[in-house]
Protein chains: 2
Amino acid sequence: MAPAARPPTIPTDPGRRVRSRRGEGESLREEVLAAAERLLVAAGNEDAVSIRAVAAAVGVSPAAIYLHFPDKDALMSAVCGRVFRMFDAALEEAAAGATDPIDDLFRRARAYVRFGLANPGQYQIIFLTKKEGGRLADVPWEERPGAEAYAHLVAAVQRAMDAGALRPDDADLVATGLWMCVHGVTSLLLTLPSFPWPSVEALVCHVVQAQLRGLAAPPAPARGRPPRGGSPRA
Amino acid sequence: MAPAARPPTIPTDPGRRVRSRRGEGESLREEVLAAAERLLVAAGNEDAVSIRAVAAAVGVSPAAIYLHFPDKDALMSAVCGRVFRMFDAALEEAAAGATDPIDDLFRRARAYVRFGLANPGQYQIIFLTKKEGGRLADVPWEERPGAEAYAHLVAAVQRAMDAGALRPDDADLVATGLWMCVHGVTSLLLTLPSFPWPSVEALVCHVVQAQLRGLAAPPAPARGRPPRGGSPRA
DNA sequence: TGTACATCAGTGAACGCGCGTTCACTGATGTAC
DNA sequence: TGTACATCAGTGAACGCGCGTTCACTGATGTAC
């Protein structure tokens, strides 16, 4: 790795930004968040988002970022929040035209993968970057960004069960399982782009279809189940 | 992020290494690879593996690494090769006692997730780090590290189909789908450790069981399949 | 209407860090004569 | 057996880089009197 092969420095210097008028200092905050997302889009990679790169993209000194975010962690958390809202909106929009609960789940699955492939940088910061505590450590999960999108999925699963399209089970467990499947598809496609994958469409359909079909079938003999069965929480 | 919160510098300075005797220079190469893996284990994180950290762990100057590896990319590739061999061995060993082809697939799935959770650093460099060309760009997939493990999975799927335990289908597509499911489980568990997951055992069983059951059932109406069906390669 | 002053929205330069990589060098060791 | 020499297996110091973060500062602008 030559030093020159570092994360590509994106020359986004639109010149100096004009200083906000008095009382309008908050406008920089929004510009910073927008710039961070632009960097994610342009590079498709989280590494492109550094305090200095964001400051340069906005046309401001690095120190100015600290007027609105206590540290880089806080900035990234705020960006995550924005991205999660986009992500949730994309899934909700896709599911809006569903004809039945299974179609709903299919649409969500396809929209999920599509979002990840179309927004690799964004997908990376919300689902491929280890969140080890940081500033969200004390926030209960239900209040973290992303919780809403997850709740929507659980509800969709529950509707499918209520309609008899899926066998009754722990909707939370089933939703988590579906999430993991589509995440697996998305993240491997992003991480190993040169593997000879089947077409994305075929892959998503195959995986989701198999999963849903397995979830629709009547309970089979408890092959491979843990000793006492059920789905104990950790 | 305070500068002090950088990737934890692991104080592995076992003092100076004694210089190899003439003609035995190659021994350093193995020591370097072993040290890189030790760093992965200790930190559970790829970031801990830098040329300088490895050199320090071996007890040698950073420049000495370049006597055996042209650059960092080459070192990481070599580490990947080692890890893939361990990974494949773990899966083969787990599958060895299988009583039937479905049990075989279950055992592989469990061993896969177990490997990832027990070796997060190693899992990260083989499956969670983007391989965008680098020195493996020209190597055909069949010769890359990891190809063997994948081939073993495809063979196991084929055996299950031959035995009638899975409906006949493209074994490659089915294997890829299973891989993606277990990868999804493993990588989300590693990446979002603070999410309120169900127990790992329950999760793996649920996902794999649903998937295999869906793959065993007779073909359903082509709900959600791409226009012309089939599984076209990209 | 004029002026002193407080405050806001930043700037500029520096801090120390770890990184990958290069390059001139050194000292021990085996070998040819 | 002795000695000059080539080679091997490294070392040490430096290169330039980008990073997150801090801190003393500045200049425009609104406001109170």
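Letters go in sequence order (proteins before strands), and every chain restarts at 1. Hydrogens, waters and symmetry mates are skipped; everything else that's a heavy atom, side chains included, is used.
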Trainee: Do you know which two heavy atoms are closest between Leu128(B) and Thr191(A), and how far apart they sit?
Mentor: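 Closest approach of Leu128(B) to Thr191(A): C-CG2, 3.7 Å.
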
Trainee: Under 6.0 Å between ring centres: does that hold for Tyr112(B) and Tyr123(B)?
Mentor: yes

Trainee: Can you check the Asp47(A) CG to dC17(D) C1' distance for me, whole Å?
Mentor: 15 Å

Trainee: Heavy atoms within less than 4.0 Å of DNA chain C: which residues of residues 122-130 of chain A have one? Give them sorted by number.
Mentor: none

Trainee: In whole angstrom, give the distance that lies between atom CG of Asp71(B) and atom P of dC19(C).
Mentor: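 After rounding, the reported distance stands at 17 Å.
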
Trainee: Please state whether the phosphate of dG10(D), meaning OP1 or OP2, lies under 4.0 angstrom from any side-chain nitrogen or oxygen of Ser20(B).
Mentor: yes

Trainee: Just wondering, are more than 12 heavy atoms of other shown residues or ligands nearer than 6.0 Å to CD in Gln158(A)?
Mentor: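 Correct, the count exceeds 12.
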
Trainee: Let's see if you can work this out: which of dG30(D), dT11(C), dG20(D) has an atom nearest to the side-chain heavy atoms of Ala64(A)?
Mentor: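 Out of dG30(D), dT11(C), dG20(D), the nucleotide with an atom closest to Ala64(A)'s side chain is dT11(C).
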
Trainee: So which heavy atom on Ile51(A) is nearest to which on Pro62(A), and how close?
Mentor: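 Closest pair (atom of Ile51(A), atom of Pro62(A), distance): CG2-O, 4.1 Å.
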
Trainee: In whole angstrom, what separates Ile51(B)'s CD1 from dC15(D)'s P?
Mentor: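 Whole-Å distance recorded here is 21 Å.
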
Trainee: Sequence neighbours left out, what passes salt bridge (charged side-chain N to carboxylate O under 4.0 Å, His left out) with Glu30(B)? Give chain and number order.
Mentor: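 For Glu30(B) the salt bridge (charged side-chain N to carboxylate O under 4.0 Å, His left out) partners, ignoring immediate neighbours, are Arg82(B).
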
Trainee: Hey, does the side chain of Arg107(A) reach the backbone of Ala94(A) with a donor-acceptor pair shorter than 3.5 angstrom?
Mentor: yes

Trainee: Given Watson-Crick or G-U pairs with both distances under 3.5 Å, what dot-bracket string fits DNA chain C, with | for other-strand pairs and [ ] for crossing?
Mentor: .||||||||||||||||||||||||||||||||

Trainee: How many Å lie between CZ on Arg19(A) and P on dT11(C), as a whole number?
Mentor: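 My rounded result for the distance is 6 Å.
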
Trainee: In this structure, how many angstroms lie between the P atom of dA9(C) and the CZ atom of Arg22(A), rounded?
Mentor: 8 Å

Trainee: Please confirm whether the ring centroid of Phe127(B) lies under 6.0 Å from the ring centroid of Phe87(B).
Mentor: yes

Trainee: Check each of Asp172(B), Asp170(B), Thr176(B) against Pro198(A) using the side-chain contact (heavy atoms from CB on, under 4.5 Å) test, and report the only one that passes.
Mentor: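 Output: one option passes, namely Thr176(B).
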
Trainee: Name the residue closer to the 5' end of DNA chain D, choosing between Pro70(A) and Gly23(B) according to the nucleotide with the nearest heavy atom.
Mentor: Gly23(B)

Trainee: Could you tell me the separation between the CG atom of Leu28(A) and the C1' atom of dG10(C), rounded to a whole number of Å?
Mentor: 9 Å

Trainee: Grab the CZ-P distance between Phe69(A) and dT22(D) for me, whole Å please.
Mentor: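 Phe69(A) atom CZ is separated from dT22(D) atom P by 16 Å.
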
Trainee: Shortest non-hydrogen contact from Thr186(A) to Leu117(A)?
Mentor: O-CD2, 4.3 Å

Trainee: Just by modelled atom types, is the Val139(A) backbone N or O under 3.5 Å from a matching donor or acceptor in the Arg144(A) side chain?
Mentor: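 Such a contact is found between Arg144(A) side chain and Val139(A) backbone.
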
Trainee: For Ser61(B), which contact category applies under a 4.0 Å heavy-atom criterion: base, sugar-phosphate, or nothing?
Mentor: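 Answer is base: heavy atoms of Ser61(B) come under 4.0 Å of a base.
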
Trainee: OP1, OP2 of dG12(C) versus side-chain N and O of Arg16(A): anything below 4.0 Å?
Mentor: yes

Trainee: Using whole Å, report how far CZ of Arg21(A) lies from P of dG10(C).
Mentor: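 Roughly 13 Å, once rounded to whole Å.
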
Trainee: By nearest nucleotide on DNA chain D, pick out whichever of Tyr66(A) and Ala63(B) is the more 5' one.
Mentor: Ala63(B)

Trainee: More 5' along DNA chain C: Val60(A) or Arg52(A), using each one's nearest nucleotide?
Mentor: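 The answer here is Val60(A).
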
